[in-house]
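Only one structure is covered here, and it is reproduced in the block below.
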Number of protein chains: 2
Amino acid sequence: MNLKELAANLGLSQTTVSRALNGYPEVNEDTRKRVIAAASQHNYRPNTRAQSLATGRSMAIGHVIPISTNHEMMNPVFGDFIGGAGEIYARAGYDMMLSVVPDDAEDGAYRSMAQRNSVDGIVIHGPRRDDPRIALLKEVGLPFIVHGRAPVDDTDYSYVDVNNRRAFERATLHLADLGHTRMALLNGLESMDFAIRRREGFEAALKARGLPFLPQFHRSEEMTESYGYQAAREMLAQPDPPTAFLVSSLITAMGVRRAVEERGLQMGRDISIITHDDDLGYFKNGGEVPVFTATRSSVREAGRITAEMLLGLIDTPQNGPRQHIMEADLTLGLSTGPAPR
Amino acid sequence: MNLKELAANLGLSQTTVSRALNGYPEVNEDTRKRVIAAASQHNYRPNTRAQSLATGRSMAIGHVIPISTNHEMMNPVFGDFIGGAGEIYARAGYDMMLSVVPDDAEDGAYRSMAQRNSVDGIVIHGPRRDDPRIALLKEVGLPFIVHGRAPVDDTDYSYVDVNNRRAFERATLHLADLGHTRMALLNGLESMDFAIRRREGFEAALKARGLPFLPQFHRSEEMTESYGYQAAREMLAQPDPPTAFLVSSLITAMGVRRAVEERGLQMGRDISIITHDDDLGYFKNGGEVPVFTATRSSVREAGRITAEMLLGLIDTPQNGPRQHIMEADLTLGLSTGPAPR
DNA sequence: TCGATCCTCCAAAGCGCTTTGGACGCTTTC
DNA sequence: GAAAGCGTCCAAAGCGCTTTGGAGGATCGA
């Protein structure tokens with residue numbers, strides 16, 4: 001059933017039917033009712049392709065997920081983000097286009113989305129140090145929002161980000177307040193912007209308290225469980241082990257806990273852990289009382305905010321780029337306590 | 001830059017340019033080269049919308065992710081599946097359309113995708129008991145593949161699934177062989193097909209060994225970490241606790257381990273655990289030696305297979321529905337051992 | 001040499017929708 | 001009673017592409 005048939009069916013012109021369905025004023029309310037009734041009866045829905053060809057708007061948002069060619073991993077964070085964003089898109093009548101692309105071909109993916117007119121806007125995920133994509137998207141001129149930021153903090157692009165620096169600074173200060181002086185940082189890949197900022201926060205806090213940065217207790221890797229386990233295991237085996245861990249992901253923190261307990265140590269007493277917690281649906285940090293003390297920020301909420309912001313940007317681009325920074329909570333759990341002496 | 005401009009630029013007709021780019025034979029190789037060169041120089045890519053309006057094919061695959069209204073969770077498994085499928089789509093020039101939909105509105109989402117002509121095929125995720133979607137999609141007549149199966153095992157639809165029944169049957173038999181008689185089953189939601197099959201496998205194995213099914217050691221919930229922790233904690237506190245756990249997800253299994261260790265028990269000696277392992281990128285089951293003994297089947301691979309199958313189905317629908325069942329490996333890890341006496 | 005055949009190319013129709021530029025009849029205004 | 005205005009509707013022109021149905025010239029076989 002297409003517009004033509006529906007119109008013929010009703011004894012009306014396509015113009016009128018189209019207008020009736022799209023809420024234009026120049027159509028009698030009675031006929032509008034008739035049209036809407038007929039449409040829903042015949043289960044008519046306009047062909048998206050034709051519609052967007054005619055209007056020039058595609059009513060779709062593109063997300064490009066870079067799959068690093070060497071790691072080939074799908075960040076679980078991504079699922080929750082998509083969930084949040086998708087909710088907003090659905091409500092606004094937008095579709096979501098996903099492109100899973102090896103990161104050496106990302107360039108083409110963005111260009112292609114723009115040139116082929118398949119999306120009205122784009123969300124950039126996982127910005128890296130010196131990320132070329134921001135410049136690229138400015139060049140192709142498609143509205144976009146970065147989930148995260150580029151290290152260079154210019155203000156002429158839109159982003160939604162967590163205040164990673166402050167979160168990790170606060171967490172580190174908290175550990176210092178508890179008397180910890182030997183702290184380990186199990187960071188994400190420091191080619192990623194968020195990891196850079198977290199490290200900065202960590203170092204700033206150490207400096208503020210006159211504590212040294214201990215390179216042997218610093219790692220930067222893809223945030224898997226086994227990474228946490230391996231790293232913590234090695235560090236704890238050293239003669240002068242750390243008494244506290246700052247960890248970039250709940251998943252990795254679970255690996256750390258495994259290593260801690262394997263060694264017969266007790267978390268929260270012998271070893272303190274603070275982790276970042278993206279508040280994932282499938283990864284709640286315990287129940288009422290959090291297992292881990294954590295810097296928490298819902299990535300699902302970030303998805304919602306990003307989507308809303310992007311739709312706004314598409315509707316009123318003249319308002320210029322917009323930014324939103326989410327502060328992470330520092331929630332106390334059972335994994336922190338005074339430094340043992 | 002569109003086709004018309006490009007054609008004018010080259011002094012050719014749109015027809016010829018289109019044919020040259022699409023590899024039709026009736027165009028001189030020299031002009032084809034010229035056209036391709038010009039296209040890449042001007043960074044020309046055909047407008048997808050126009051293209052699909054003209055061809056009737058949208059070159060996109062739809063995935064509808066049901067977000068259960070009560071749980072609101074995004075299964076991490078989904079990310080890996082999408083990663084695998086997306087790889088195949090990209091290679092074949094297909095786009096992926098995601099629809100995140102509350103499960104009470106799913107119906108509309110499918111109908112809409114079909115009616116609006118926005119996709120050429122659909123992947124159904126997480127089939128439930130008496131899932132109405134299969135009938136629905138047959139009705140709307142869009143090629144589709146189910147990731148999983150409907151409990152009614154009719155053969156007139158296409159699916160890719162793991163042999164969940166056999167996997168859990170084998171796992172249970174293995175535990176029985178180790179002397180375990182009191183086994184707990186921490187299953188996924190048994191409104192889901194996969195969970196039903198796993199339970200069947202579990203019960204079949206018990207029956208084969210003349211062991212009783214112990215209702216107090218059986219749970220069925222969304223597969224989070226804290227579910228595993230809570231359930232195991234409660235069960236282990238009972239006077240006659242289980243000596244082994246069969247768990248439906250690695251994530252949940254980590255919760256079980258937490259409860260086990262919290263109680264001062266040792267996994268693999270005091271308590272045995274076998275879990276299903278979807279082989280997620282971010283959730284490797286340990287390193288060289290698996291932490292958990294597990295029934296393993298890569299969901300990323302399932303995504304690839306599903307995508308390939310669907311593209312095949314779209315190209316040659318006359319070949320009828322196709323099915324693919326993946327057998328899960330039973331890989332030994334450190335979490336199983338003889339039953340303590 | 002002539003018609004048939006092949007190789008290249010093109011004009012124009014059409015995919016299903018939106019939107020421009022009226023048309024038509026009726027009411028209002030002076 | 002004519003002009004203007006209003007409310008409703010429509011025919012037709014696109015949007016950017018593919019594809020049908022030739023056209024025109026070169027080549028070939030008889």
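If you measure from atom CZ of B/Arg116 to atom C1' of C/dC15, you get 17 Å, rounded to the nearest angstrom. Between the C1' atom of C/dG16 and the CG atom of B/Asn117 lies a distance of 9 Å, rounded to the nearest Å. Spacing between atom CD of B/Gln14 and atom C1' of D/dT20 amounts to 15 Å, rounded to whole angstrom units. The nearest whole Å value for the distance from the CG atom in B/Leu53 to the P atom in D/dT19 is 12 Å. The nearest whole Å value for the distance from the CZ atom in B/Arg19 to the C1' atom in D/dG22 is 11 Å. A/Leu3 places its CG atom 5 Å from the P atom of C/dC17, with the value rounded to the nearest Å. In this structure, the CG atom of A/Leu6 is 13 Å from the C1' atom of C/dC17, given to the nearest Å. Distance CG (B/Asn47) to C1' (C/dC15): 13 Å, rounded to an integer number of Å.
A salt bridge is defined here as a Lys NZ or Arg NE, NH1 or NH2 lying under 4.0 Å from an Asp or Glu carboxylate O, and A/Arg133 with A/Asp107 fails to meet this definition. The pair A/Arg149-A/Asp161 counts as a salt bridge, with a side-chain nitrogen and a carboxylate oxygen less than 4.0 angstrom apart. B/Glu29 has no carboxylate O lying under 4.0 Å from a charged side-chain N of B/Lys33, or vice versa, which leaves the two without a salt bridge.
At C/dT18, one or more side-chain N or O atoms of A/Ser18 fall inside 4.0 Å of OP1 or OP2 (strictly under the cut-off). The side chain of A/Ser13 contributes an N or O atom lying less than 4.0 Å from OP1 or OP2 of D/dC10. For B/Thr15, no side-chain nitrogen or oxygen approaches OP1 or OP2 of C/dC9 to under 4.0 Å. Side-chain nitrogen and oxygen atoms of A/Gln51 include at least one within less than 4.0 Å of the OP1 or OP2 phosphate oxygen of C/dT18.
Atom OG1 of A/Thr306 is separated from atom CZ of A/Phe144 by 13.0 Å, given to the nearest 0.5 angstrom.
For the 3.5 Å distance criterion, the side chains of B/Ser13 and B/Thr16 qualify, holding a donor opposite an acceptor. Inspection of the A/Tyr94 and A/Arg57 side chains reveals an N or O donor paired with an N or O acceptor under 3.5 Å.
Comparing B/Ala54 and B/Leu12 by the nucleotide of DNA chain C that holds the closest heavy atom to each, the one mapping nearer the 5' end is B/Leu12.
Only A/Asn22, A/Tyr24, listed by number, bring a heavy atom of residues 21-39 of chain A to less than 4.0 angstrom from any atom of DNA chain C.
In this structure, B/Arg49 reaches neither bases nor backbone, as no heavy-atom distance under 4.0 Å exists between it and the strands shown.
For B/His147 and B/Tyr159, the ring centers sit 6.0 Å or farther from each other.
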